[in-house]
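No hydrogens, no waters, no symmetry mates; every other heavy atom, side chains included, goes into these values. All of these numbers come straight from a predicted model, not from anything done at the bench.
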Amino acid sequence: MQSVQEQQTEVKNHCYMVDENGKEIPITTTMVQEMCIELLNQCRTVQKGA
């Protein structure tokens with residue numbers, strides 16, 4: 001039986017988005033992190049303005 005750590009290293013998620021030309025582009029961890037940071041900054045800007 002495999003340990004939890006061994007099982008987790010085998011799991012791979014493949015997420016894609018479609019660009020303006022209809023081409024599939026893989027979504028990377030870095031892309032998700034950058035988007036989260038941008039959204040957080042936008043929320044902070046709204047809160048400061050309220």
Side-chain angles (χ1 to χ4, degrees):
M1 183 169 212
Q2 293 179 329
S3 71
V4 173
Q5 186 176 11
E6 289 173 334
Q7 290 174 359
Q8 288 176 345
T9 57
E10 292 179 14
V11 174
K12 293 189 186 244
N13 293 320
H14 299 284
C15 298
Y16 298 88
M17 64 181 177
V18 179
D19 69 7
E20 61 276 358
N21 297 318
K23 181 180 176 185
E24 288 185 346
I25 299 172
I27 298 173
T28 64
T29 301
T30 302
M31 291 166 76
V32 173
Q33 290 170 340
E34 289 176 357
M35 184 56 64
C36 287
I37 290 168
E38 179 62 32
L39 288 171
L40 179 60
N41 288 335
Q42 288 179 19
C43 289
R44 287 179 178 160
T45 300
V46 169
Q47 286 181 349
K48 287 178 185 176

D19 side chain to N21 backbone, donor-acceptor under 3.5 Å: yes
Non-hydrogen side-chain atoms of E38 and Q42 separated by less than 4.5 Å: yes
Distance in Å, Y16 OH paired with I27 CD1, rounded so as to fall on 0.5 Å steps: 10.0 Å
same_hphob_cluster(M17, V32) at 4.5 Å side-chain heavy-atom cutoff: yes
Heavy-atom neighbours of M35 CE exceed 12 at 6.0 Å: no
